[in-house]
Amino acid sequence: MSDFLSNFTNDNYENKQAEKKTESKINPEQTNEKSSNDEEVLEESQKNQANEMETLREVDDIEAKQKEISAKMPHFDEETQTMTDPSYGKKQLRKKIIIGTSSLVAIGLIVFGYHRMTTVKVPDFVGKKVSDVREWGVDTGVKITPEQVYDFDEEINSVIKQNQTPGERMKKKQKLVVYTSLGPDPEQLIKLPKFEEMTLTQAQEWITEQKAENVTITEEYNDKIEKNKLVKQEFSQKDFDASKYKREDQMILTYSKGKEVFEKNIAMPDFVKTDKSKLDEWIKANQIKADIKWIDADLAKGKVVSQSIEPKVKVAKRDNIAFTISKGKAIIVPNFAEYNKNNIDEISGLTVQVKEQFSDAVAFGVLISQSAEAGEKYYEGDEIPPVTVVYSAGQPYLRSYIGELEGDLAERFFNDYRSKGADITYTTYRMASSEPKGTVVKMSTYNEFVPTTYSVSIGISDGSLTVEEPKANTKLTEEDTLSSDTSVDEIEKESE
């Protein structure tokens, strides 16, 4: 191969090219001459020419490669005595490119890392609980802002939508707004069906379909209404308009459990003469419908007197049984018209307060009133109030107060008349008299019966007159007495 290449020096290559040109000038004529005689020679000649051209191309490629390799190889300059590396510039350029690329990559990594640190990938929270979103917000540092909206189809506190696209990244400083369900709108009007035409199961299905969580269904035994049929429909408000029913309104539907049947397997005890407290315990434990009646009896209060079912007879729960309970021996308020103030002490068990009252119409000693009605009964343990009995003191008798002091009149009139119901009053006036000042010397009426409403005029001495003492052993004649009395009357008239 080396010998072959040595033939292709620059001089040889030029000579070869000259020969080719010479041959190219000659061969066409020869070729044309031969072509007329022998086509095979022409074809062979063309093949040889093609092979020769291919060989020349290979030689050109080899020379180009040699030049390229030679250009890359360092060479020594004898004049400058320096070694020159043709690839130095390219190496420097490559180095700069590598440094620049590395810097760009580093910057890109820093930017990418910062972006990763300050952003977070948003999950798809739709259909999940808001508690899951809050937990994610705590873990990632993203502030969660929930917005609650009513939604019939979604469960309460489940996410309906979010303001950030799932799968994309968002800055941690941004807010993630999630719209959560409050469930069905409580203020939505709901048309109520006719529950009386629906069974218990149908009513339950309606509640589930309408999500009417404020509707409560209860069941109770009922002797008249068929099982699973409506007994009553109640609203939380009185006189509620069913046509304005909203999901937030309270409603109770009571359905029948049918008639409750109990087996007669409870032996009836004997409660006669036992305490009512024991009877109450038995009634409660066995759910007996007891008809309790209290009566007067000689037994102590609270003792059972009788029962409608004989002992040892079998009864069932909810059976009706009648019982009579003793009130004890009654204390009866008598008719006090049959008594008088002197024999009331004969009545036992009552505290009686006796009062007297003047009366124009009721005779003395006759009953006027009593505070407790005759025949009223009190029993052991009852708080028995005292009974006030009022008897008539007859018509008032206005007695004489001549000679008494004016200062005592108010007390005397109150005790003698007003305290007993008589409205007897008095008026006073001053008059000349030898009696001590303030002494009663005259009354318009005294020592006689008067009405219960009456007023009397009373003269009070002013002490202005003096009376001469009679001489010793001197007897007043009847004429002297008359003249003395006449003078007193005249004085009284003058004073009046």
Side-chain angles (χ1 to χ4, degrees), residues 336-337 339-345 352-371 386-496:
F336 284 93
Y339 295 82
N340 58 59
K341 64 179 183 179
N342 297 321
N343 62 1
I344 281 180
D345 294 339
V352 182
Q353 298 176 347
V354 180
K355 291 184 177 181
E356 289 184 304
Q357 180 177 317
F358 288 114
S359 174
D360 294 331
V362 181
F364 180 85
V366 177
L367 178 71
I368 295 177
S369 66
Q370 59 186 71
S371 60
V387 180
T388 301
V389 179
V390 180
Y391 286 100
S392 175
Q395 192 174 7
Y397 185 81
L398 182 61
R399 61 184 298 272
S400 173
Y401 296 100
I402 295 174
E404 297 188 19
L405 295 176
E406 179 186 12
D408 297 332
L409 291 178
E411 182 180 359
R412 297 298 298 273
F413 268 74
F414 176 81
N415 292 334
D416 294 342
Y417 311 109
R418 298 184 68 84
S419 64
K420 298 179 182 180
D423 186 19
I424 297 178
T425 60
Y426 64 90
T427 58
T428 60
Y429 61 91
R430 295 286 182 263
M431 61 179 294
S433 173
S434 61
E435 293 294 326
K437 183 180 180 180
T439 304
V440 176
V441 294
K442 190 174 182 181
M443 293 177 64
S444 61
T445 305
Y446 61 91
N447 292 342
E448 63 181 70
F449 289 102
V450 294
T452 54
T453 301
Y454 189 77
S455 179
V456 60
S457 178
I458 298 177
I460 307 298
S461 171
D462 61 3
S464 62
L465 297 181
T466 57
V467 179
E468 293 182 2
E469 294 181 2
K471 294 180 181 181
N473 299 324
T474 301
K475 292 183 180 181
L476 293 176
T477 64
E478 184 176 350
E479 184 179 354
D480 293 333
T481 302
L482 290 173
S483 63
S484 176
D485 291 339
T486 302
S487 63
V488 170
D489 290 340
E490 290 175 354
I491 293 172
E492 286 178 358
K493 287 180 181 179
E494 291 176 358
S495 64
E496 290 178 357

**Request:** For the residue pair Asn447 and Leu398, establish whether any side-chain heavy-atom pair is separated by less than 4.5 Å.
**Result:** no
**Prompt:** Out of curiosity, Met443 CE to Ser400 OG, how far, rounded to the nearest 0.5 Å?
**Reply:** 5.5 Å
**Asked** Is a side-chain donor-acceptor pair under 3.5 Å present for Thr453 with Asp423?
**Response** no
**Asked** Between Thr428 and Ile458, is there a donor-acceptor pair closer than 3.5 Å when you use the side chain of the first and the backbone of the second?
**Response** no
**Prompt:** Atom OG1 in Thr452, atom CD in Gln395: separation rounded to 0.5 Å?
**Reply:** 8.0 Å
**Message:** Test your reading of the model: is there a side-chain donor-acceptor pair from Asn343 to the backbone of Asn340, 3.5 Å cut-off?
**Reply:** yes
**Asked** Taking the side chain from Ser434 and the backbone from Thr466, do they hold a donor-acceptor pair closer than 3.5 Å?
**Response** no
**Asked** Donor-acceptor pair, Ser392 side chain versus Ala363 backbone, under 3.5 Å?
**Response** yes
**Request:** Walk me through it: do Phe364 and Glu356 pass the test side-chain contact (heavy atoms from CB on, under 4.5 Å)?
**Result:** CA-CA 9 Å; Phe364 180 85; Glu356 289 184 304; 4.2 Å; yes
**Item:** Any Ile424 side-chain heavy atom under 4.5 Å of Arg418 side chain
**Value:** no
**Prompt:** So does Tyr397 have more than 12 non-hydrogen atoms from other groups sitting under 6.0 Å from OH?
**Reply:** yes
**salt bridge (charged side-chain N to carboxylate O under 4.0 Å, His left out) against Lys437, all qualifying residues, sequence neighbours excluded** = none
**Item:** Value rounded to 0.5 Å, distance of CZ in Phe358 from OG in Ser419
**Value:** 7.5 Å
**Lys442 NZ to Ile402 CD1 distance, which is reported to the nearest 0.5 Å** = 9.5 Å
**Message:** Using every non-hydrogen atom in the two residues, find where Ser461 and Ser433 come nearest and quote the distance to one decimal.
**Reply:** OG-CB, 3.2 Å
**Asked** In Å and rounded to the nearest 0.5 Å, what is the NZ to CG distance from Lys420 to Asn415?
**Response** 9.0 Å
**Prompt:** Do Tyr391 side-chain atoms and Val354 backbone N/O form a donor-acceptor pair below 3.5 Å?
**Reply:** no
**Prompt:** Within the distance-only criterion (no hydrogens, no angle test), does the side chain of Glu406 pair as donor or acceptor with the backbone N or O of Gly438 below 3.5 angstrom?
**Reply:** no
**Request:** Compute both the distance and the angle, then confirm whether Arg399 meets the cation-pi test with Tyr401: under 6.0 Å from the six-membered ring centre, within 45 degrees of the axis.
**Result:** yes
**Message:** Assess, by modelled atom type and distance only, whether the side chains of Tyr454 and Thr425 contain a donor and an acceptor separated by less than 3.5 Å.
**Reply:** no
**Item:** Residue Glu448 excluded, over 12 heavy atoms near CD under 6.0 Å
**Value:** yes
**Prompt:** So Val441 and Met431, side-chain contact (heavy atoms from CB on, under 4.5 Å) or not? Walk me through it.
**Reply:** CA-CA 9 Å; Val441 294; Met431 61 179 294; 3.3 Å; yes
**Item:** side-chain contact (heavy atoms from CB on, under 4.5 Å) assessment of Val390 paired with Leu367
**Value:** CA-CA 6 Å; Val390 180; Leu367 178 71; 5.8 Å; no
**Message:** As an exercise, state the distance from CD of Glu411 to CG of Asp408, rounded to the nearest 0.5 Å.
**Reply:** 7.0 Å
**Asked** Do side-chain atoms of Asp462 reach the backbone of Arg430 as a donor and acceptor pair under 3.5 angstrom?
**Response** no
**Message:** For Ser457, is there any backbone N or O sitting under 3.5 Å from a side-chain donor or acceptor partner on Ser444?
**Reply:** yes
**Prompt:** What is the minimum heavy-atom distance between Ser371 and Pro386, and which atoms define it?
**Reply:** OG-O, 3.9 Å
**Candidate pair Tyr429 and Ile460, rule side-chain contact (heavy atoms from CB on, under 4.5 Å), full reasoning** = CA-CA 6 Å; Tyr429 61 91; Ile460 307 298; over 6 Å; no
**Fill in**
Residues Thr427 and Ser455: closest non-hydrogen pair is CG2-OG, 4.4 Å
